[in-house]
Protein chains: 2
Amino acid sequence: MSILNAIQEKMNSLHLKERALAEFLLEKPQQVVQMTITELAGQSGSSTATISRFCKTFHSQNFPEFKRKLATELVQQTSTPNQYQDIVAGNPLQDIVTAITANHLRSLTDTTQLLDLNQLRLAIDALHNASRIDLYGIATSGIVAQDFFHKLIRIGKAAAVFSDPHLQLTSASSLTSKDVAVGISYSGETPETIHALRCAAEQGATTLSITRFGTNTLADGASIRLFTSSAEVGMRRGDMASRMAQLHVVDILFIGLVSEHFEQYVPRLEASFQTIKLYTSKEERKPR
Amino acid sequence: MSILNAIQEKMNSLHLKERALAEFLLEKPQQVVQMTITELAGQSGSSTATISRFCKTFHSQNFPEFKRKLATELVQQTSTPNQYQDIVAGNPLQDIVTAITANHLRSLTDTTQLLDLNQLRLAIDALHNASRIDLYGIATSGIVAQDFFHKLIRIGKAAAVFSDPHLQLTSASSLTSKDVAVGISYSGETPETIHALRCAAEQGATTLSITRFGTNTLADGASIRLFTSSAEVGMRRGDMASRMAQLHVVDILFIGLVSEHFEQYVPRLEASFQTIKLYTSKEERKPR
DNA sequence: TGCATGATGAAAATATTTTTCTTAGATATA
DNA sequence: TATATCTAAGAAAAATATTTTCATCATGCA
């Protein structure tokens with residue numbers, strides 16, 4: 001439910017006509033997906049120009065794409081009855097397991113639906129051509145950044161990962177236009193990561209953001225934007241589902257990268273795998 | 001699956017160009033839904049006129065409506081996890097995305113199925129009563145261990161995480177019978193983690209393993225065993241699905257822990273959340 | 001009050017899609 | 001075999017839909 005969610009959230013910061021449009025969208029999304037932009041303009045009391053701009057605000061290149069995304073969201077909503085579950089006290093373990101599983105599954109499918117293949121391709125190309133790759137993330141997003149780091153060095157990329165704010169800036173300030181900086185933050189409002197990515201952009205580096213869907217500072221400042229599902233609310237659940245979604249995006253990025261340049265990267269991947277096997281096989285394994 | 005089915009069925013009675021179009025549709029439906037009619041004409045070797053007529057044959061008033069229906073169908077199709085897919089060279093991005101998503105979904109559902117609630121309860125009790133918790137994991141499993149560490153310190157647990165083999169042993173040798181050591185390894189054959197967990201057991205600590213399902217050295221040496229799905233094979237896919245599964249287990253462990261002792265842990269969780277909010281809100285946020 | 005900013009729609013420009021018209025090849029018939 | 005008829009299929013025209021540009025108007029601020 002990322003698009004409708006994002007609209008709901010942004011409601012307050014929308015202008016007069018945009019809000020009228022947003023309200024109409026939230027009220028009758030099913031109908032909107034089969035309307036033309038002119039019809040929608042008429043019925044929502046706005047103009048085609050406003051709608052076209054509105055779609056871009058919500059990360060769709062054009063109105064048809066917006067409708068497409070909205071449509072898939074609506075289908076999912078009706079076909080998968082399991083909403084995101086909140087975790088409450090004293091549930092039997094089985095219920096907890098079921099709830100967490102449902103949340104994670106939902107998070108992955110939602111994120112997949114949101115994925116913009118054009119941005120993905122841009123990201124893959126940027127990573128492929130980068131002479132250095134910097135990864136920034138704090139707390140849980142730092143875990144995701146580290147995971148990405150592990151992957152990238154396995155294929156011989158000159159990558160580095162920073163969760164320390166000062167080091168983030170130190171590294172960012174030495175980037176050049178040949179480099180790529182990746183900022184990871186679920187909210188997209190982590191100040192340290194925002195600063196680091198902004199600094200990287202000022203050095204001319206290509207900037208890539210991985211944030212939740214919707215308008216946020218980190219994505220706004222990035223040249224390539226990838227999004228995760230944004231339905232997660234409340235703090236009890238923590239950031240588990242969002243971390244799953246971020247890792248999902250990282251996996252897709254990585255496999256996309258490897259797959260597009262198979263001959264170059266797969267041997268390296270294989271080599272790193274074999275090397276570890278070689279060096280650790282000296283150790284005795286208890287056969288049992 | 002009515003549209004694609006209907007096309008499949010009607011295949012024989014279609015004319016030359018219509019058939020070319022139909023074949024293209026069956027092969028790359030995901031891509032078709034985001035094409036314009038002109039693009040589709042070019043790529044399928046037919047013309048826009050033919051496509052427009054084709055859509056009417058299949059009960060759509062026009063091309064956009066056809067795309068809408070097709071898209072809806074495809075969403076429903078992808079949300080059902082199928083087989084584990086291997087990642088191969090030069091696949092179109094859409095296929096890669098679909099394959100990875102399917103793998104991850106599969107990995108989570110399989111792991112949930114495998115979960116032994118008795119072992120889970122034992123693990124939760126052990127963690128709850130532990131005066132110290134040590135987490136051991138190398139490489140990708142180290143990422144998972146760190147993630148667990150972040151969670152545990154948020155609820156005020158005396159936890160520590162080690163990916164460095166010497167430090168693992170150093171810490172393990174100072175554990176007592178009141179402590180818990182958690183060893184994470186997908187294969188269950190990572191020598192460093194095995195040694196550390198064995199050392200912890202020798203000090204009388206409760207040992208918990210998180211490994212792939214099946215017989216393996218790490219689990220054999222642990223007093224509580226949790227398993228993840230073990231279907232992942234081959235190295236091309238790396239350890240992505242297994243990492244997802246491990247995190248899934250960690251999440252369940254954590255939420256189980258918090259939920260069973262709600263009054264004790266939730267305030268701490270809340271406090272950690274609020275504190276971060278307080279200290280980072282001083283920073284200026286660019287409003288848009 | 002005057003200036004700047006920005007939201008907004010009208011209209012122009014562009015793009016997409018459908019329909020019409022034409023052609024070429026197939027099939028049937030004398 | 002020659003001719004007529006039919007139809008698949010594309011080119012191009014027409015219709016429709018969408019985006020962009022530009023002018024206007026309102027609002028906030030000095």
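Chain letters run A, B, ... following the sequence lines, proteins first and then strands; every chain starts at 1. Everything numeric here is computed off the predicted structure, so don't read it as measured data.
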B/K56 side chain near C/dT18 phosphate (N/O to OP1/OP2, under 4.0 Å):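 For C/dT18, neither OP1 nor OP2 has a side-chain N or O of B/K56 closer than 4.0 Å.
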Decide whether [X] and [Y] meet the rule of one side-chain donor and one side-chain acceptor closer than 3.5 Å.
X      : Y      : answer
A/Y265 : A/H128 : yes
A/S171 : A/R132 : yes
A/H104 : B/D251 : yes
A/S47  : A/T50  : yes
A/T112 : B/T101 : yes
A/S187 : A/N216 : no

Short heteroatom pairs, N/O only, protein and nucleotides 13-18 of chain D, under 3.5 Å:
from   : atom 1 : to    : atom 2 : distance (Å)
D/dT18 : OP2    : A/I37 : N      : 2.4

How many Å lie between CD1 on A/I51 and P on D/dT19, as a whole number?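 Taking atom P of D/dT19 as the reference, CD1 of A/I51 is at 10 Å.
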Results of side chain to side chain donor-acceptor pair (under 3.5 Å) for A/S44 - residues two or more places apart only: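 Counting only residues at least two positions away or on another chain, A/S44 forms a side chain to side chain donor-acceptor pair (under 3.5 Å) with A/S46.
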Do A/H15 and A/F54 have their ring centres less than 6.0 Å from each other? no
Each nucleotide N or O in nucleotides 6-8 of chain C that has a protein N or O under 3.5 Å away: list the pair and distance.
from  : atom 1 : to    : atom 2 : distance (Å)
C/dA7 : OP1    : A/H15 : NE2    : 3.0
C/dA7 : O5'    : A/H15 : ND1    : 3.2
C/dT8 : OP1    : A/L16 : N      : 3.2
C/dT8 : OP1    : A/K17 : N      : 2.8

